[in-house]
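We're numbering straight along the sequence, starting at 1. Counting starts at 1 for both ligands and their atoms, in listed order.
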Amino acid sequence: MTSHPADGRLYIDGTWRPSASGEVGIVEEKATGARIGSYALGDVRDVDQAVAAARAAQPGWAALSAPARAAYLRGMADHLRDRYEELVTLSMRETGGVRAKAEDEVTTTIRQLHISAVQATENAGDILPPYKAGKLSLSRAVPLGVLGVITPWNYPMNLAMRAVAPGLAFGNTIVLKPAELTPISGGQVFAEAADHVGLPAGVFNVVTGEGQSAGWALAEHRGFDLVDFTGSREVGLAIAASAAADLRPIRLELGGDNAFLVLDDADIDLAASCALLASLEFQGQACISSSRHIVMREVAGRYIDAVVRRVEALRVGDPMTGEADLGPLISTTQRDRVHKKIVEPSVAMGAKVLTGGTYDGLFYRPTVLGDVTPDMPAFTEEIFGPVIPITVVDTEEEAIALTNGYPMLMNSVFSADLIRGMRVAEQLQAGEVHINDAFARHGAENQMGGFTRRQWIGVQRTPLTLPEWTADPAARA
Ligand code: NAD
């Protein structure tokens with residue numbers, strides 16, 4: 001899998017080139033450790049070049065008609081579609097996800113390009129109420145300019161494309177820095193798609209590299225009109241602090257400690273089945289994973305039994321065998337974080353391992369923790385691993401109070417009474433709440449983002465992305 005043109009190279013100004021340092025990093029298959037490719041270790045010198053190229057290309061790109069830009073996006077989508085099987089396999093090997101996750105991600109990524117292509121041709125702005133009789137007021141959508149996009153490793157294709165596709169569609173040019181654990185599916189394949197369709201030089205650039213060097217160079221660069229970051233709260237805070245110094249525009253999509261509420265009238269089989277999807281999809285390594293299960297006492301025993309029974313039937317292994325429900329965690333760092341910072345300290349504080357709690361290499365057994373109290377890391381921290389911590393409460397009010405107060409993107413509420421479910425959902429401070437459902441895979445059509453009071457500076461509103469990727473100066477006549 002090393003034959004792709006991007007292997008070990010950056011894509012800047014329409015050309016493949018080595019990084020200024022000349023150094024490369026190795027990309028490993030997560031399940032086996034086998035080498036699957038390499039990525040150039042870019043730094044501030046490469047970012048400078050990419051920003052200059054993107055800046056030079058932006059006016060020409062914005063001046064193209066919307067249908068012309070849309071045609072490029074559709075061409076990129078077609079290119080990715082032609083490589084569908086190859087990309088699914090790449091995603092499985094590079095991220096360690098099972099086939100269903102990989103298929104969903106590739107499909108969503110392609111769909112995002114098509115959605116953005118349509119949006120570009122449909123949204124031009126608004127007619128405003130006249131400020132005075134006989135006057136006409138218009139608000140016109142214009143591109144922001146040059147965007148820096150920094151993305152994580154968990155859904156590397158999808159999370160890049162939800163910024164890249166609308167960004168390009170609305171006339172912006174882009175420098176993308178994918179995560180170093182997934183630089184191929186997160187960046188190189190998009191550079192290949194751009195190259196394949198002959199996107200004008202400089203419109204889309206990919207600078208691979210480490211977070212501390214290439215990532216920080218992007219985050220600090222004065223040449224962007226917006227830096228869009230998806231990743232950890234820790235790095236997001238550092239970027240926000242740096243940007244605050246001279247009010248550079250940024251958008252942050254950070255992590256969440258999402259909750260899964262099971263009320264005393266819930267359908268327990270349904271809740272337990274959804275629990276697996278909510279907490280164990282991609283080994284729990286999603287910003288929308290449920291990492292706190294808050295269950296009312298009347299149904300707690302039955303819920304725990306139903307969850308444990310299902311979890312014990314799951315198979316952990318190499319996704320490429322086709323016989324695994326869960327693959328490996330992304331790295332030893334991530335595994336150690338889950339085990340040493342979440343599971344072990346919670347157990348030391350009194351949590352009980354009901355199943356799992358052990359690992360073999362990067363393969364972490366799906367784990368259910370009982371007797372979890374709100375002071376334990378399993379409750380207070382985003383887990384980002386295959387762990388279902390269960391906390392028992394006595395009342396609905398207690399469940400709501402315990403849920404709120406943490407950064408959350410997506411919660412679930414289970415109740416046989418839909419009105420009750422909606423009433424509880426309305427009181428939860430999450431960007432999105434599902435009633436009697438869990439939604440581990442986020443389609444390109446859905447709004448995605450957190451409850452803004454907590455830690456998101458921007459919410460990516462697909463399909464209503466126009467305000468996110470454009471400015472809208474008003475014209476009055
Ligand atoms: P991370 O913050 O370590 O890395 C994300 C990206 O930032 C990577 O490209 C990395 O190279 C880069 N980076 C790292 N240090 C940097 C620095 N100092 N300056 C600039 N860039 C830097 O996060 P991760 O471990 O890749 O991803 C997991 C986190 O992402 C979790 O907290 C998860 O909740 C969050 N996440 C959020 C969403 C969302 O939509 N809100 C989606 C997926 C993941």
Side-chain angles (χ1 to χ4, degrees), residues 25 39 41-44 47 95 97 105 108 148-163 175-183 185-187 206-221 224 227-243 248 250-258 281-291 329-338 341-342 381-385 406-410 430-432 440-442 444 446-452 454-462 468:
Y39 64 104
L41 287 171
D43 62 26
V44 65
V47 172
T95 71
E105 186 169 4
T108 302
V149 178
I150 305 174
T151 51
W153 45 260
N154 55 348
Y155 290 80
M157 300 188 78
N158 191 2
L159 296 179
M161 197 47 81
R162 72 179 180 175
V175 181
L176 169 67
K177 205 306 270 176
E180 49 272 53
L181 286 163
T182 51
S185 59
V206 176
V207 178
T208 49
E210 310 296 315
Q212 300 288 344
S213 48
W216 190 242
L218 240 86
E220 285 236 286
H221 208 286
F224 290 112
V227 170
D228 183 87
F229 171 81
T230 305
S232 62
R233 180 177 165 81
E234 186 189 9
V235 175
L237 285 173
I239 291 175
S242 163
R248 295 193 309 282
I250 56 169
R251 178 176 310 136
L252 306 177
E253 286 279 321
L254 310 179
D257 189 6
N258 310 298
E281 164 83 0
F282 190 42
Q283 295 79 260
Q285 301 170 118
C287 57
I288 54 177
S289 294
S290 297
S291 58
L329 294 183
I330 195 81
S331 65
T332 51
T333 309
Q334 192 60 25
R335 180 203 65 203
D336 291 346
R337 203 189 140 269
V338 171
K341 297 218 168 115
I342 306 280
E381 301 292 322
E382 178 186 45
I383 296 177
F384 240 61
Y406 295 84
M408 297 180 291
L409 288 107
M410 187 187 291
E432 189 172 342
R441 301 191 187 124
H442 216 283
N446 288 284
Q447 175 171 327
M448 171 80 197
F451 191 70
T452 44
R454 282 283 150 198
Q455 65 184 34
W456 288 266
I457 289 183
V459 175
Q460 282 164 323
R461 292 185 197 91
T462 305
E468 306 296 317

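- Atoms of ligand 1 found under 4.0 Å from any heavy atom of Arg162, numbered from 1 in the order shown, are 39 (C), 40 (O).
- For ligand 1, the polar-atom distance check finds an N/O of Thr151 within less than 3.5 Å of one of the ligand's N/O atoms.
- At a heavy-atom distance under 4.0 Å, no atom of Tyr155 approaches ligand 1.
- Taking every non-hydrogen atom of Asn154 and a distance limit under 4.0 Å, the qualifying atoms of ligand 1 come out as 43 (C), 44 (C).
- The nearest non-hydrogen atom to atom 29 (C) of ligand 1, considering only Gly215, Ser232, Ala179, comes from Ser232.
- In summary, the atoms of ligand 1 found under 4.0 Å from a heavy atom of Ile150, numbered by their order in the structure, are 6 (C), 7 (O), 9 (O), 12 (C).
- For ligand 1, the atoms sitting less than 4.0 Å from at least one non-hydrogen atom of Leu159 are 42 (C), 43 (C), numbered in the order shown with element in parentheses.
- At least one heavy atom of Phe229 sits under 4.0 Å from some atom of ligand 1.
- In this structure, Pro178 is part of the shell of residues with a heavy atom less than 4.0 angstrom from ligand 1.
- Polar contact with ligand 1: absent for Ala219 (N/O pair, distance under 3.5 Å).
- Closest heavy-atom approach to atom 15 (N) of ligand 1 among the candidates Thr333, Val235, Ile383: Val235.
- Here is the list of ligand 1 atoms found below 4.0 Å of a heavy atom in Glu180: 10 (C), 11 (O).
- The option from Gly148, Gly231, Pro183, Gly186 that lies nearest to atom 30 (O) of ligand 1, judged by heavy atoms, is Gly231.
- At least one N or O atom of Lys177, backbone or side chain, sits closer than 3.5 Å to an N or O atom of ligand 1.
- Atoms of ligand 1 found under 4.0 Å from any heavy atom of Leu409 (numbered from 1 in listed order, with element): 41 (N).
- Counting heavy atoms closer than 4.0 Å to ligand 1, residue Gln334 contributes nothing at all.
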